[in-house]
Protein chains: 2
Amino acid sequence: MKKLPKISESEWQVMRVLWKQSPLTANEIVEKLAGSTDWKPKTIKTLITRLTKKGAVKFEKEGRLYKYHPAVGKDECVRMERRSFVRRVYGGISKPMLAAFLEDAKLSAEDISELRKILEQKAEE
Amino acid sequence: MKKLPKISESEWQVMRVLWKQSPLTANEIVEKLAGSTDWKPKTIKTLITRLTKKGAVKFEKEGRLYKYHPAVGKDECVRMERRSFVRRVYGGISKPMLAAFLEDAKLSAEDISELRKILEQKAEE
DNA sequence: AACAAAGTATTACATTTGTAATCCTACGTC
DNA sequence: GACGTAGGATTACAAATGTAATACTTTGTT
C-alpha cells in the first residue's frame, strides 16, 4: 500500500469536499467552502495546489480549466488520522477513550443498536 | 473556564508524562521519554520550555533545579483534541465514526460489557 | 578561589501551515 | 489585433513545529 500524505487541518476541509463529490473545478470547491469557512478564494487555491503537490489530489485539464479529484481514499486517511489521534492522546486505543466518545455522542436508537451489535460480535471472539 | 493552549504532537508526549506523574524535573521527564522517543535531551527541554510559555506547564524552583507540573487538566485537553479530531475528519461525531473505532479496538470482556452498559443508558434517554 | 558539571536560557534553522497577493497567460470581446 | 478578465502559477511572509546546539549561570568540589 502506498504511503499516505499528511493532510493538514485546513487541507482536510478541501478533501472532505472532494470526497463528497468530484471532480470539481477550483471555483466549485471555493463555493462549497463558502458556507463553512471565510477563506479567500486564493487561499483555497493554495490549499488545492499543496494537496496536489502532496499527491492527495489529482486533476485533469478540462478545456481551459482543471477538474480536481481525490487521489487517496477517504477511509484510509480517516483511519490514519484516527490512529494518530489515539496514539497522541491516549497512547493507544483504549476503553476509557471509547467510553468518552460514546458518552459524548448523540445517537439514535438505531445507531445504538448497531453499535451494540458490534460489541456483541467483539465479545464472541 | 480558561482557554486551553494548543499542544502540538510532540508536546503531547511531554504532557502525557506529566499527567501520569508530577512534579518532575526536566531530567526525569527526559528519562521517561527515553523509551518511547529518540529525542535528544535538549529537544525535550525545548518542548518543556514551549509548554511553559503556552501556559500548559508550570514549575517551581526546588533548590537549584525546576520541578515541572501540568497547569491544564488532561481531561479538558483530551476532550478538546477529540472534538477537533472529530470535526476535522468526520465533520462531527457520528455513528460511522464510533463503529470504526469499536471495530479497530482490542477490548477485554469487561471493557465490552462496560461499553454496552453505556450504550444501554443512552438507549434509555 | 578556580574549575568542572549540571541546569537553564538563548539562539538556530529548515519545514509546514495559515493566509493571501501578485504575476502571467490564454480566451473571448470589441 | 488590443484589451480586459478569469484561472492557474509563482511568490510572500509570519507563526508554529521539529529538532537541536551553544551560551550562560549556579553550585559543588578540590
Side-chain angles (χ1 to χ4, degrees), chain A residues 3-18 23-34 36-69 77 80-81 84-85 87-89, chain B residues 3-18 23-34 36-69 77 80-81 84-85 87-89:
Chain A
K3 213 172 44 192
L4 296 174
K6 186 165 179 308
I7 296 169
S8 83
E9 180 101 15
S10 302
E11 289 161 359
W12 262 93
Q13 306 262 134
V14 174
M15 291 307 291
R16 293 211 301 127
V17 166
L18 284 174
L24 293 174
T25 66
N27 276 347
E28 286 166 340
I29 296 173
V30 167
E31 280 166 33
K32 305 259 179 205
L33 285 171
S36 51
T37 75
D38 53 353
W39 293 332
K40 302 279 183 300
K42 298 292 186 183
T43 301
I44 297 171
K45 303 286 179 72
T46 299
L47 293 174
I48 296 170
T49 302
R50 285 184 185 164
L51 284 166
T52 65
K53 289 223 177 95
K54 289 182 181 185
V57 163
K58 293 234 176 299
F59 60 89
E60 310 93 37
K61 263 201 172 76
E62 172 114 351
R64 58 199 180 78
L65 41 75
Y66 295 177
K67 300 283 246 175
Y68 298 91
H69 59 87
C77 290
M80 194 182 60
E81 278 297 311
S84 140
F85 159 76
R87 207 171 351 95
R88 169 173 56 239
V89 172
Chain B
K3 215 172 42 192
L4 296 173
K6 185 165 179 306
I7 296 169
S8 83
E9 181 101 15
S10 301
E11 289 161 359
W12 262 94
Q13 307 260 135
V14 174
M15 291 307 292
R16 293 211 301 125
V17 167
L18 283 175
L24 293 174
T25 66
N27 275 347
E28 286 166 341
I29 296 172
V30 167
E31 282 166 31
K32 305 260 178 201
L33 286 171
S36 51
T37 76
D38 53 353
W39 294 332
K40 302 280 184 301
K42 299 292 188 183
T43 300
I44 296 173
K45 302 288 180 71
T46 299
L47 294 173
I48 296 171
T49 302
R50 286 185 184 164
L51 285 166
T52 65
K53 290 223 177 95
K54 290 182 180 184
V57 163
K58 294 235 176 298
F59 62 89
E60 311 92 37
K61 265 201 171 78
E62 173 114 349
R64 61 202 178 76
L65 42 75
Y66 295 177
K67 298 284 244 176
Y68 297 91
H69 60 86
C77 290
M80 194 182 59
E81 278 298 311
S84 139
F85 159 76
R87 207 172 348 97
R88 168 174 55 239
V89 172

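Just so we're on the same page: letters track the sequence lines, and every chain starts at 1.
In this structure, the separation between OG on B:Ser10 and CD1 on B:Ile44 is 10.0 Å, given to the nearest 0.5 Å. The CH2 atom of A:Trp12 lies 11.0 Å from the CG atom of A:Leu51; values are rounded to the nearest 0.5 Å. Summarising the geometry, atom CD1 belonging to B:Ile48 is positioned 9.0 Å from atom CG belonging to B:Leu24; distances are rounded to the nearest 0.5 Å.
Side-chain atoms of A:Tyr66 and A:Lys61 form a donor-acceptor pair, as typed in the model, at a separation below 3.5 Å.
In this structure, the OH atom of A:Tyr66 is 11 Å from the P atom of C:dA26, given to the nearest Å. Atom-to-atom, CD1 of B:Ile48 to C1' of C:dA9 comes out at 13 Å; the value is rounded to the nearest Å. If you measure from atom NZ of A:Lys45 to atom P of C:dT22, you get 15 Å, rounded to the nearest angstrom. Counting to the nearest Å, the P atom of C:dA21 and the CD1 atom of A:Ile44 are 13 Å from each other. Rounded to whole Å, atom P of C:dT15 lies 21 Å from atom CD1 of A:Ile7.
Side-chain nitrogen and oxygen atoms of A:Lys54 include at least one within less than 4.0 Å of the OP1 or OP2 phosphate oxygen of C:dT17. Phosphate contact (OP1/OP2 of C:dG18, side-chain N/O of A:Ser8, threshold under 4.0 Å): present.
Where B:Lys61 and A:Glu9 each meet DNA chain C at their nearest nucleotide, the meeting point lying more 5' is that of B:Lys61. Both B:Leu47 and B:Lys42 lie near DNA chain D, and the one whose nearest nucleotide falls closer to the 5' end is B:Leu47.
Helix-axis bend for the helix from C:dA1-D:dT30 to C:dC30-D:dG1: the local axis fitted to the five terminal pairs at one end deviates from that at the other end by 30°, rounded to 10°.
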Assess whether side-chain contact (heavy atoms from CB on, under 4.5 Å) is satisfied between A:Asn27 and A:Lys45, documenting all intermediate values.
CA-CA 9 Å; A:Asn27 276 347; A:Lys45 303 286 179 72; 4.0 Å; yes

Assess the residue pair A:Gln13 and A:Ser36 against the criterion (side-chain contact (heavy atoms from CB on, under 4.5 Å)); give the C-alpha distance rounded to whole Å, side-chain angles, the decisive distance to 0.1 Å, and a yes or no.
CA-CA 9 Å; A:Gln13 306 262 134; A:Ser36 51; 4.2 Å; yes

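Protein chain B touches strand DNA chain D; the 5'-most and 3'-most nucleotides with an atom under 4.0 angstrom of its non-hydrogen atoms are D:dT17 to D:dT27.
For B:Lys54, the side-chain hydrogen bond (donor to acceptor under 3.5 Å, both in side chains) partners two or more places apart in sequence, or in a different chain, are B:Glu11.
At a threshold of 4.0 angstrom between heavy atoms, the contacts of A:Lys6 are confined to the sugar-phosphate backbone, with no base atom among them. Residue-level contact check: A:Thr46 touches the bases, meaning some heavy atom is under 4.0 Å from a base atom. Among the heavy atoms of the strands lying under 4.0 Å from B:Lys40 are primed sugar atoms or P, OP1, OP2 only; no base atom is included. The residue A:Thr43 sits close to a base: some heavy atom pair falls under 4.0 Å.
Ring geometry, B:Phe85 versus A:Phe85: the interplanar angle falls under 30°, so the pair is classed parallel (tilted spans 30 to 60°).
With hydrogens and angles ignored, a donor-acceptor pair closer than 3.5 Å exists between the side chain of A:Arg50 and the base of C:dG18.
Taking a cutoff of 4.0 Å between a charged side-chain nitrogen and a carboxylate oxygen, B:Arg88 and A:Glu9 qualify as a salt bridge.
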